[in-house]
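Letters A, B, ... mirror the listed sequences (proteins, then strands); counts begin at 1.
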Number of protein chains: 2
Amino acid sequence: MLSAAPTKVSAMTTTSPQGRTELLRPDGSPVRVLVVDDELSITELLSMALRYEGWQIRSAGDGTGAVQTAREFRPDAVVLDMMLPDMDGLTVLGRLRRELPDVPVLFLTAKDAVEDRIAGLTAGGDDYVTKPFSLEEVVARLRGLIRRSGAADRRSESVLVVGDLTLDEDSHEVSRGGDNIHLTATEFELLRFLMRNPRRVLSKAQILDRVWSYDFGGQANVVELYISYLRRKIDAGREPMIHTRRGAGYLIKPAVS
Amino acid sequence: MLSAAPTKVSAMTTTSPQGRTELLRPDGSPVRVLVVDDELSITELLSMALRYEGWQIRSAGDGTGAVQTAREFRPDAVVLDMMLPDMDGLTVLGRLRRELPDVPVLFLTAKDAVEDRIAGLTAGGDDYVTKPFSLEEVVARLRGLIRRSGAADRRSESVLVVGDLTLDEDSHEVSRGGDNIHLTATEFELLRFLMRNPRRVLSKAQILDRVWSYDFGGQANVVELYISYLRRKIDAGREPMIHTRRGAGYLIKPAVS
DNA sequence: TGTGTTTCTCAGGGGATTCACAGGTTGCGG
DNA sequence: CCGCAACCTGTGAATCCCCTGAGAAACACA
């Protein structure tokens, strides 16, 4: 697979001091992501979240800016809103592809602009999420795209492990100590977020911002509720892995410790 | 038979970490495919999908471009629209053959095209699909052509196996636990797509983009419908292999687990 | 043209999921 | 030991997602 990008992204992973695993390029430099959306609030939100992943971010507000930035920034992945002021999403895509033939693209589409020709978008291994999205979802899909685009020598796993608890991001399977556990979509996302930050306290606000869509306007205690659901399913009768830090938040860690 | 192609493609396969098998040339370099069509949207779509297969793609928009590109790119296979602006499909074919005597060609034809002409052409081991096509179909045929052109020593399998379920891409035969199962064309394509991505959740959008023709504009719930048909045929009264991940998509996996 | 097959739309039903609400429980400072 | 704040969780309603039967339309083949 040919890449015009300066360096190939392979699915190397490294574990940071905090215990978070991050994607890196083969030369150890951070992954580069280009974010394209005309709403400033969205690009800001995404930039912040993706930078938190340890990635290097650039953003553009329209199609021409996107193509220009892509040319010199040479990102390893692109987040592209399909609704841009200056040109059609597909046109932007075409021009981007001319610059970077193999770069994976994560499309942002409006939910209510139902099926407005989303056809073929996922065909090339690309992916999309609908607005309003949750950051956890965007990050997860982006990681998937980058991991897969790493081609031949990728051997990076799609499985998160904390103690005897495992979560497979490809098959969406979760098990503890060999027992399969069925989780709903939201439970899955929450657990993924916890497991990607083991032994670290996550506040309810953080969780809400990350796992729920950015336009969620409900009660903050959904987090408590879903933590309760998760405990029932993964800590049921076992040594608990999910812990409450009163006044601070929640954390997950191996049961043994 | 002598070949002008730089390297002969043999039916070597390798299995990626995700479990997808990919075709490679004997020297380990990626397979090269030339795509010729005058509609940009088609070449883009095909390039996207074929690149995702791990192949190296070039495209051309007319006959002269095709011959030129073929001369220097030396593809292992060609996808050729029979309806080009500058010259007749047969002429293009002739010139291509002069450059690359043994390269297999996949023809794209309009539905109502004269079948007999094509039939004559495919006698030589080439193949064709009619527009509008599904990507699964194009990829499958192309894989077949490339595999077969690898001549004598191909021992690569055209049979997908997941648990006790087998699907033969050449004979289109499907069986589970020894029992033969009759599938319609669409059911077959869907099952093939699932089986080529075992243990991985595939969204309805992904399935639609891949299994249905690019111009399909219908209801997204055809996917649900066909999943339902497949279950009736392959999971009937047995341990189910097709699973729903509510809110995410579907996946297939061996029944045992 | 006629017949059987296949594809697809439509709509009803049902179960799963999400979430608000409210009352109960726990931990902690005084 | 009290009282408050933080947290937990049962209940139930609204919604969403998925499944599937019925039948119309398109197609294949003789």
Side-chain angles (χ1 to χ4, degrees), chain A residues 111-112 114-115 119 130 132-134 136-137 172 174 181-191 201-208 211-213 215-237 240 242-251, chain B residues 110-113 115-116 119 130-134 136-137 172 174 181-191 201-205 207-208 211-236 240 242-251:
Chain A
K111 177 86 150 220
D112 50 339
V114 204
E115 321 293 329
T130 57
F133 47 76
S134 77
E136 196 48 25
E137 199 183 343
H172 280 217
V174 175
I181 296 173
H182 170 80
L183 298 184
T184 70
T186 309
E187 289 163 0
F188 181 83
E189 298 265 299
L190 172 56
L191 183 60
V201 176
L202 301 165
S203 72
K204 272 185 270 190
Q206 267 178 308
I207 293 173
L208 207 50
V211 176
W212 272 261
S213 320
D215 73 340
F216 178 79
Q219 308 301 312
N221 88 328
V222 274
V223 177
E224 294 168 17
L225 186 60
Y226 272 86
I227 288 284
S228 158
Y229 291 161
L230 271 189
R231 283 182 167 141
R232 204 172 296 170
K233 289 183 178 176
I234 76 175
D235 282 349
I242 299 174
H243 305 268
T244 303
R245 288 282 174 275
R246 193 162 240 265
Y250 302 94
L251 89 167
Chain B
K111 187 81 158 215
D112 50 350
E115 294 271 330
D116 28 313
T130 59
K131 287 182 172 185
F133 48 77
S134 77
E136 254 315 278
E137 200 183 342
H172 276 219
V174 174
I181 295 173
H182 170 79
L183 298 184
T184 69
T186 308
E187 288 163 359
F188 180 83
E189 300 263 302
L190 172 56
L191 184 59
V201 174
L202 301 167
S203 71
K204 273 184 268 191
I207 293 173
L208 211 48
V211 175
W212 270 261
S213 323
Y214 53 80
D215 72 341
F216 179 79
Q219 307 301 313
N221 87 328
V222 274
V223 177
E224 294 167 19
L225 186 63
Y226 272 85
I227 287 283
S228 159
Y229 290 160
L230 270 188
R231 282 181 167 144
R232 212 170 289 173
K233 290 183 177 176
I234 76 173
D235 281 348
I242 299 174
H243 304 267
T244 304
R245 289 280 175 275
R246 197 163 243 261
Y250 300 94
L251 89 167

**Q** To the nearest Å, give me how far apart CD (B/Glu187) and P (C/dT6) are.
**A**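 Atom CD in B/Glu187 sits about 8 Å away from atom P in C/dT6.
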**Q** Please examine the side chains of B/Lys233 and B/Thr184, heavy atoms only from C-beta on, and report whether any two atoms are closer than 4.5 Å.
**A**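 Yes, their side chains come closer than 4.5 Å.
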**Q** Calculate the interatomic distance between A/Leu230 atom CG and C/dT18 atom C1'; express it in whole Å.
**A** 14 Å
**Q** Expressed in angstrom and rounded to an integer, what is the separation of B/Leu190 atom CG from C/dT7 atom P?
**A** 11 Å
**Q** Does C/dT6 have OP1 or OP2 under 4.0 Å away from a side-chain N or O of B/Thr186?
**A** no
**Q** Are any non-hydrogen side-chain atoms of A/Trp212 and A/Thr186 less than 4.5 angstrom apart?
**A**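 Yes; the side chains approach each other to less than 4.5 Å.
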**Q** Are the side chain of B/Glu224 and the backbone of B/Asn221 linked by a donor-acceptor contact shorter than 3.5 Å?
**A** no
**Q** Work out which heavy atom in B/Leu230 is nearest to a heavy atom in B/Glu187; give both atom names and the distance.
**A** CD2-O, 3.9 Å
**Q** Would you say A/Lys204 places a side-chain N or O within less than 4.0 Å of OP1 or OP2 belonging to D/dA6?
**A** no
**Q** Can you tell me the distance, in whole Å, between the CD1 atom of B/Ile227 and the P atom of C/dT7?
**A** 14 Å
**Q** Would you indicate, yes or no, if C/dT5 has its OP1 or OP2 atom less than 4.0 angstrom from a side-chain nitrogen or oxygen of B/Thr184?
**A** no
**Q** Just the rounded figure in Å: distance from C1' of C/dA16 to NE2 of B/His243.
**A** 18 Å
**Q** Side chain of B/Ala185: nearest nucleotide among D/dC18, C/dT7, D/dC7?
**A**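 Output: C/dT7.
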**Q** What is the distance, to the nearest angstrom, from the CG atom on B/Leu208 to the P atom on D/dC18?
**A** 14 Å
**Q** Measure from the side-chain heavy atoms of A/Tyr250 and tell me the nearest of D/dC18, D/dC7, C/dC19.
**A**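 The nucleotide sitting nearest to the side chain is D/dC7.
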**Q** Using a 4.0 Å heavy-atom cut-off, does B/Leu225 contact any base of the nucleic acid, only the sugar-phosphate backbone, or nothing at all?
**A**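 Base, at least one base heavy atom under 4.0 Å.
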**Q** Nearest to the side chain of B/Tyr229, which nucleotide is it out of C/dC8, D/dC19, C/dC10?
**A**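 Out of C/dC8, D/dC19, C/dC10, the nucleotide with an atom closest to B/Tyr229's side chain is C/dC8.
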**Q** What are the two closest heavy atoms between A/Val211 and A/Ser134, and how far apart are they?
**A**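 Distance-wise, the nearest heavy atoms are O-CB, 3.3 Å.
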**Q** Using a heavy-atom cut-off of 4.0 Å across all strands, would you classify B/Gln219 as base, sugar-phosphate, or nothing?
**A** sugar-phosphate
**Q** Could you say whether A/Gly217 or A/Leu183 is positioned toward the 5' end of DNA chain C, judged by the nucleotide with the nearest heavy atom to each?
**A** A/Leu183
**Q** Taking only the side-chain nitrogens and oxygens of B/Trp212, find out if one of them lies under 4.0 Å from OP1 or OP2 of C/dC8.
**A**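 Result: yes.
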**Q** Taking the side chain as every heavy atom from C-beta outward, state whether A/Val223 and A/Tyr250 have any pair of such atoms under 4.5 Å apart.
**A**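 Yes - at least one pair of side-chain heavy atoms lies under 4.5 Å apart.
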**Q** Using a cut-off of strictly less than 4.0 Å, decide whether B/His182 has a side-chain nitrogen or oxygen near OP1 or OP2 of C/dT6.
**A** yes
**Q** Can you tell me the distance, in whole Å, between the CD atom of A/Glu224 and the C1' atom of C/dA22?
**A**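 Atom CD in A/Glu224 sits about 13 Å away from atom C1' in C/dA22.
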**Q** Quick one: B/Lys233 NZ to D/dC19 C1', roughly how many Å, whole number?
**A**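 So the two atoms are 17 Å apart, to the nearest Å.
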**Q** D/dC7, OP1 or OP2 - any side-chain N/O from A/Thr244 closer than 4.0 Å?
**A** no
**Q** Closest nucleotide of DNA chain D for B/Arg246 versus for B/Asn221: which of these residues is on the 5' side?
**A** B/Arg246
